Colleague: 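First, the structure itself, so that you have it in front of you.
Below, chains carry the letters A, B, ... as their sequence lines are ordered, and counting in each starts from 1. Just so you know, these numbers come straight off a predicted model, no measurement behind them.
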Protein chains: 2
Amino acid sequence: MSSDQASPRLAYLLKHANLRISELTEKALLPYDISGRELGVLNVLNGREPGSQQHAAQRLGIDRTTMVALLDTLEDKGLVSRHPDADDRRRNVVELTEKGQNIVRWAGSAAAEAEQVFLRPLTEAAGQQLRESLQAVVARPDSSGQVRP
Amino acid sequence: MSSDQASPRLAYLLKHANLRISELTEKALLPYDISGRELGVLNVLNGREPGSQQHAAQRLGIDRTTMVALLDTLEDKGLVSRHPDADDRRRNVVELTEKGQNIVRWAGSAAAEAEQVFLRPLTEAAGQQLRESLQAVVARPDSSGQVRP
DNA sequence: TATTGTTATACTCTATAACTATA
DNA sequence: TATAGTTATAGAGTATAACAATA
């Protein structure tokens, strides 16, 4: 069934690749006092016109109830601000504070370095290929056009 | 920080790749009444001389306390048997039952099919490359020899 | 009636600490 | 004293259901 000793199951490889990059990223972010998940949220908010909480949650593929707690923490840390949307008062407009903008810049580059460490066993071309292949399989793969190697 | 809209963070891609293959695998395993994690355990036990619980846990990279509950379930389902090692009675020898051997065969091939669906957006070469690159980054990457593309 | 944010709750996966029985 | 299995417990991360305010 495709595994045994020759080639481990893809699910196993993905799980452990995930564990490894998470470990490297968390370590790299330690000085900035944020987690990888929190940086993900900041990234979504960065350089975009302010959107609702739900919008941010959808972009990250997490539930809106999960986003609440995440934003609570980020707001406590002074990295994001929430205020009701004037046009639709059910919505919260979420924005990076100035501190948040600084953190996303520095923590972001620390996370990018962690990625480089993660990819170190691969050539640059293989690393690039890995990223593209992952994007292809993640992008709701409707059996459409295949990615070339 | 390497992400924004052009290229999402690697951590994001790996997390969602993981979610997708898990979803596909769980669905494929539904008829066999086992989870992907349980199949992983059965795979480790399959075709090897019987080992201890701890041995199996190490091969999967999970804690020995986690293995206990996993084996409890598999034993309840009649797929594995545990009995004390005659040479060292602290150890439990874990083996697949005949039913377990059948399940691992059929469920294993269903899981392999799920992998194929997962890889469908990639050419065969790109899929092979993905597997090799993941193996390289997961294999405790000590910056040694790089994998070529 | 439907939607946004929120709260309460629960479930899964995981690890740590402490217990037991062996060694 | 050290190790294998076990138990109890706790902490992430996640989702579902229900509620308030608003549309």
Side-chain angles (χ1 to χ4, degrees), chain A residues 11-12 14-23 25-27 29-30 34-41 44-45 50-76 80-95, chain B residues 11-12 14-23 25-27 29-30 34-41 44-45 50-76 80-95:
Chain A
Y12 172 92
L14 285 168
K15 177 187 159 192
H16 286 265
N18 216 351
L19 284 174
R20 169 137 177 91
I21 198 160
S22 297
E23 184 185 52
T25 303
E26 297 301 329
K27 202 193 296 179
L29 293 181
L30 226 45
I34 60 171
S35 68
R37 307 173 67 226
E38 289 166 357
L39 178 57
V41 176
V44 165
L45 264 35
S52 69
Q53 296 187 188
Q54 189 137 217
H55 185 216
Q58 279 162 355
R59 289 201 111 252
L60 281 172
I62 64 183
D63 198 82
R64 73 194 211 271
T65 63
T66 306
M67 182 58 76
V68 172
L70 233 24
L71 288 175
D72 285 347
T73 306
L74 290 171
E75 202 175 27
D76 286 350
V80 307
S81 70
R82 290 194 264 207
H83 50 265
D85 186 337
D87 293 349
D88 182 346
R89 303 239 305 286
R90 293 172 302 181
R91 286 186 163 86
N92 267 348
V93 177
V94 189
E95 287 177 288
Chain B
Y12 172 91
L14 284 168
K15 177 186 160 194
H16 286 264
N18 215 351
L19 284 174
R20 168 132 179 94
I21 197 160
S22 296
E23 185 185 51
T25 304
E26 298 300 330
K27 202 193 297 180
L29 292 182
L30 226 46
I34 61 171
S35 68
R37 307 175 66 227
E38 288 165 357
L39 179 57
V41 176
V44 165
L45 265 32
S52 69
Q53 295 187 189
Q54 189 138 213
H55 185 214
Q58 280 162 354
R59 289 201 109 252
L60 281 172
I62 63 182
D63 198 82
R64 72 196 214 269
T65 63
T66 306
M67 182 58 76
V68 171
L70 232 23
L71 288 175
D72 285 347
T73 307
L74 290 171
E75 202 176 27
D76 285 349
V80 307
S81 69
R82 290 194 265 206
H83 48 267
D85 186 337
D87 292 349
D88 181 346
R89 305 241 304 284
R90 292 172 304 183
R91 285 185 163 89
N92 268 349
V93 176
V94 189
E95 287 177 287

Colleague: On the nucleotide D:dA4, are OP1 or OP2 found under 4.0 Å from the side-chain N or O atoms that B:Q53 carries?
Modeller: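 No, outside the criterion.
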
Colleague: Specify the separation, in whole Å, of atom CG of B:D85 and atom P of C:dA21.
Modeller: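 Between P of C:dA21 and CG of B:D85: 19 Å.
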
Colleague: Would the base of D:dT3 count as contacting B:R90 through its side chain, where contact means a donor and an acceptor less than 3.5 Å apart?
Modeller: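 Yes, the side chain and the base share a sub-3.5 Å donor-acceptor pair.
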
Colleague: Quick one: closest heavy-atom pair of A:V41 and A:L74, and the distance?
Modeller: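 Heavy atoms of A:V41 and A:L74 come nearest at CG1-CD1, 3.7 Å.
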
Colleague: Rounded to the nearest 0.5 Å, what separates atom CG in B:D76 from atom CG in B:L71?
Modeller: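 Nearest 0.5 Å value for the CG-CG distance: 11.0 Å.
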
Colleague: From CD of B:E75 over to C1' of D:dG5, roughly how many Å is that when rounded to an integer?
Modeller: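 After rounding, the reported distance stands at 12 Å.
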
Colleague: In Å, rounded to the nearest 0.5 Å, how long is the span from CG of B:D85 to CD of B:Q53?
Modeller: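 B:D85 CG to B:Q53 CD: 11.5 Å, rounded to 0.5 Å.
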
Colleague: Rounded to the nearest 0.5 Å, how far apart are NE2 of B:H55 and OG of B:S52?
Modeller: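 With rounding to 0.5 Å, NE2 (B:H55) is 7.0 Å from OG (B:S52).
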
Colleague: Out of curiosity, B:R37 CZ to B:T25 OG1, how far, rounded to the nearest 0.5 Å?
Modeller: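 Taking CZ in B:R37 and OG1 in B:T25, the distance rounds to 13.5 Å.
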
Colleague: Check whether any side-chain heavy atom of B:E38 lies under 4.5 Å from a side-chain heavy atom of B:L70, and answer yes or no.
Modeller: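 Yes, close enough: below the 4.5 Å cut-off.
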
Colleague: Which part of the nucleic acid does B:D88 contact within heavy-atom distance under 4.0 Å: base, sugar-phosphate only, or nothing?
Modeller: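 Answer is sugar-phosphate: B:D88 comes under 4.0 Å of backbone atoms only.
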
Colleague: Can you tabulate the close N/O pairs, meaning under 3.5 Å, that link protein atoms to atoms of nucleotides 13-15 of chain D?
Modeller:
| unit_1 | atom_1 | unit_2 | atom_2 | d |
| --- | --- | --- | --- | --- |
| D:dG13 | OP2 | A:R37 | NH1 | 3.4 |
| D:dT14 | OP1 | B:K15 | NZ | 3.0 |
| D:dT14 | OP2 | A:R37 | NE | 3.1 |
| D:dT14 | OP2 | A:R37 | NH2 | 2.4 |
| D:dA15 | OP2 | A:D63 | N | 3.3 |

Colleague: Mind calculating the distance between CG (A:L71) and P (C:dG5) to the nearest angstrom?
Modeller: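 It is 9 Å, rounded to the nearest whole Å.
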
Colleague: What integer distance in Å separates A:Q54:CD from C:dT3:P?
Modeller: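 Computing the A:Q54:CD to C:dT3:P distance gives 10 Å.
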
Colleague: Report yes if a side-chain nitrogen or oxygen of B:R89 is closer than 4.0 Å to either non-bridging phosphate oxygen (OP1 or OP2) of D:dT3; otherwise report no.
Modeller: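 No.
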
